[in-house]
Amino acid sequence: MVFPADSSIVDDAPPQKVREARREFVVRVLIAAVLGFATLVGWSFASPIGASPDDNFHLVSIWCAPGERPGLCETTDNPDERSVLAVLANSSMCYAFQPEHNGNCDAPPTGMTTTGHGNFIGLYPPVYYRVMSIFSTADVQTSVLTMRIFNSLLAVTLITSTYLLLDRRLRSPLLWSILLTAIPMGAFLIGSVNPNGWAIVSACTMWAAMLGFFRARPGARQIGLGAIAIIAAVMGAGSRGDSAAYTAFGALIVAILAFTRTRSYLFMLLLPTAVIAMGAAFYLSSNQTGDAVNGDMAGGPGQKLSFLPALIHTVLNIPQLWVGNFGVQALAWNDVKMPAIVWFTTMVLYVGIAFWSLSYKRDIRMTVAVTLAAIAMVMVPSWVIAQNGVEVGVLVQPRYVLPLQALFMGVLLYGAADLRSGLRRVQRWLIVVGLGAANALALYLTYRRFLTGTDYAGVDLNKSIEWWWQGVPVPPGVF
């Protein structure tokens, strides 16, 4: 999805020309948004129920978020367990970690089953699960597809609205921070029912909308950007405990970037202050993050290791998490492997644009913001990993740090020129073609893995289909 810039709009042009240029600009942006939505919907249909990481936990948590519902989620004698639809808890077991197996279950789970694997003790913030539960019904397939499409639509709507309201200087950082970090892991997660999708969208949009709020003149545009920043902040803080911390951190970054010695700044500072307080509240109330910081994550060592050597070892290996999101880490349950051309292309483009952006001089505010964002990318996951005494990638997965990678790229590009003026046309086209090709290949391989399993060597997605959504008349090759 590539949004066009509004360079054709010139302030001193005749009013009629300005209106026409703006109308054309909005139309082009909306067309790009529709194409972006179509891409995410393609990802939404690419995998069966339970295919995103830890979906057995997230699906159960969604269906149980409203409380007891006969036939959907029922309480048991054990307060830490629920009786739920078996397909929610067990559908992933049919194919997870078995890439040669298609997305079908040989013996589909039916009826109800008892599980303690859900958000019953407040591991995660409740907002994401409660919103998704609106779509939860006894028809699990329709519910899951509706949730995935809703998340795709929500992401595109939020990004597009932010892009249209921002001034020219912020549009490029918003757009490219998303595109350069979303393929393939981000696109897969945004089009899923995994709360990481909300965390990623929040990290990409909240800081830009909030900074745009500071930069805009008082009026409808400023109000709109403030509202988007709040929505994005609630999405981030309400989806995951670590994302709540990222939300507060993003608001702090904006407060630094927008700093001026004026009364209006102090007044507008109420917005990031409120977001920081909200993020802190969700973070402190999440048992997930408490266990992580205290070294009590499941799977940790039986005895504590020497912290400083463990921290140094972790810092030296932390790039393993960053590169994982570009395709080095397999998608789904770590069983949809990407060829080297995918992660090589996405990684080179991310690193190349980041390196190019460093050629531009920054003031002290931008330097501090970039430095803090870089430190957070290294030290936040390193501290948690070392505290729990495990290796990089064992408990802290690459997708957990993807929001920090997107924020870092956005802040970097804010201090650089617009890519339209800073890069030659051939360079820009190489970026667009490279990202598009990487996304198409990753999407194709995801369909292939679940339609037939990796033991099928055919190319046509519409042939020898072993799994597909029941009742969906459109063949997979259309997506």
Side-chain angles (χ1 to χ4, degrees), residues 1 31-32 34-53 55 87 91-109 139-153 155-156 182-194 197 327 330-343 345-346 432-479:
M1 155 172 89
I31 291 174
V34 170
L35 295 175
F37 175 64
T39 299
L40 290 176
V41 168
W43 278 104
S44 298
F45 278 84
S47 55
I49 296 169
S52 68
D55 251 7
V87 66
S91 59
S92 304
M93 297 173 61
C94 303
Y95 53 79
F97 311 114
Q98 305 174 66
E100 72 286 346
H101 195 289
N102 63 69
N104 270 328
C105 288
D106 297 329
D139 185 349
V140 175
Q141 173 180 293
T142 301
S143 298
V144 168
L145 283 175
T146 302
M147 292 174 198
R148 292 181 179 184
I149 294 172
F150 171 79
N151 283 335
S152 299
L153 179 62
V156 172
I183 300 169
M185 184 69 75
F188 176 85
L189 293 172
I190 292 172
S192 74
V193 296
N194 193 298
L331 303 183
W333 289 83
N334 198 26
D335 56 12
V336 184
K337 295 184 178 180
M338 296 290 110
I341 190 63
V342 171
W343 57 257
T345 300
T346 52
V432 173
V433 172
L435 291 176
N439 178 79
L441 182 56
L443 184 57
Y444 172 85
L445 292 174
T446 303
Y447 272 95
R448 170 54 65 217
R449 181 262 177 271
F450 289 109
L451 288 173
T452 61
T454 56
D455 57 352
Y456 176 72
V459 176
D460 189 348
L461 294 178
N462 294 328
K463 292 183 177 180
S464 302
I465 296 175
E466 299 171 4
W467 163 83
W468 186 235
W469 299 97
Q470 293 182 6
V472 176
V474 181
V478 172
F479 294 93

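FYI, the numbering just counts along the sequence from 1.
- When all heavy atoms of Ala332 and Phe450 are compared, the closest pair comes out as CB-CZ, 4.0 Å.
- In this structure, the side chain of Tyr95 engages the main chain of Ala51 through a donor-acceptor pair within 3.5 Å.
- Ser44 and Ser152 get closest at one heavy-atom pair: OG-OG, 3.2 Å.
- Under the 30°/60° scheme for interplanar angles, the aromatic rings of Trp468 and Tyr447 are found to be tilted.
- The CG atom of Leu40 sits 11.0 Å away from the CG atom of Leu189 when rounded to the nearest 0.5 Å.
- At least one side-chain heavy atom of Thr446 sits under 4.5 Å from a side-chain heavy atom of Trp43.
- Atom OG of Ser464 is separated from atom CG of Asn102 by 11.5 Å, given to the nearest 0.5 angstrom.
- Between the CG atom of Asn104 and the OG1 atom of Thr452 there is a distance of 11.5 Å, given to the nearest 0.5 Å.
- For the residue pair Ser91 and Gly50, the shortest heavy atom distance occurs at OG-CA, 4.0 Å.
- For the residue pair Pro109 and Val87, the shortest heavy atom distance occurs at CG-CA, 3.8 Å.
- Annotation for Pro53 and Asn194: closest pair O-ND2, 2.9 Å, computed over non-hydrogen atoms.
- The side-chain heavy atoms of Leu445 and Pro339, taken from C-beta on, include a pair separated by under 4.5 Å.
- Two residues are said to be in side-chain contact when any heavy atoms from C-beta on lie closer than 4.5 Å; Asn462 and Pro476 meet this criterion.
- Remark: side-chain polar atoms of Trp343 are not paired, donor with acceptor, to backbone N or O of Met338 under 3.5 angstrom.
- With Asp55 contributing its side chain and Ser92 its backbone, the two residues share no donor-acceptor pair below 3.5 Å.
- In this structure Asp139 satisfies the side-chain contact (heavy atoms from CB on, under 4.5 Å) test together with Thr137, Gln141, Thr142, sequence neighbours excluded.
- The salt bridge (Lys or Arg N to Asp or Glu O under 4.0 Å) contacts involving residues 436-450 comprise Asp335-Arg449, where partners must be two or more places apart or lie in separate chains.
- No donor-acceptor pair closer than 3.5 Å links the side chain of Tyr444 to the backbone N or O of Leu461.
- Not one N or O on the side chain of Tyr456 forms a donor-acceptor pair closer than 3.5 Å with the backbone of Leu451.
- Between Gln98 and Met93, the closest heavy-atom pair is NE2-O, 3.7 Å.
- Between the CG atom of Leu153 and the OG1 atom of Thr146 there is a distance of 12.0 Å, given to the nearest 0.5 Å.
- The main-chain N or O of Pro99 is found under 3.5 Å from a side-chain atom of Thr454 such that the two form a donor-acceptor pair.
- Considering CG of Leu145 and CD1 of Ile49, their distance stands at 7.5 Å, rounded to 0.5 Å.
- Counting heavy atoms from C-beta on, the side chains of Val336 and Phe188 never come closer than 4.5 Å.
- Atom OG in Ser52 sits 13.0 Å away from atom CD1 in Ile190 (nearest 0.5 Å).
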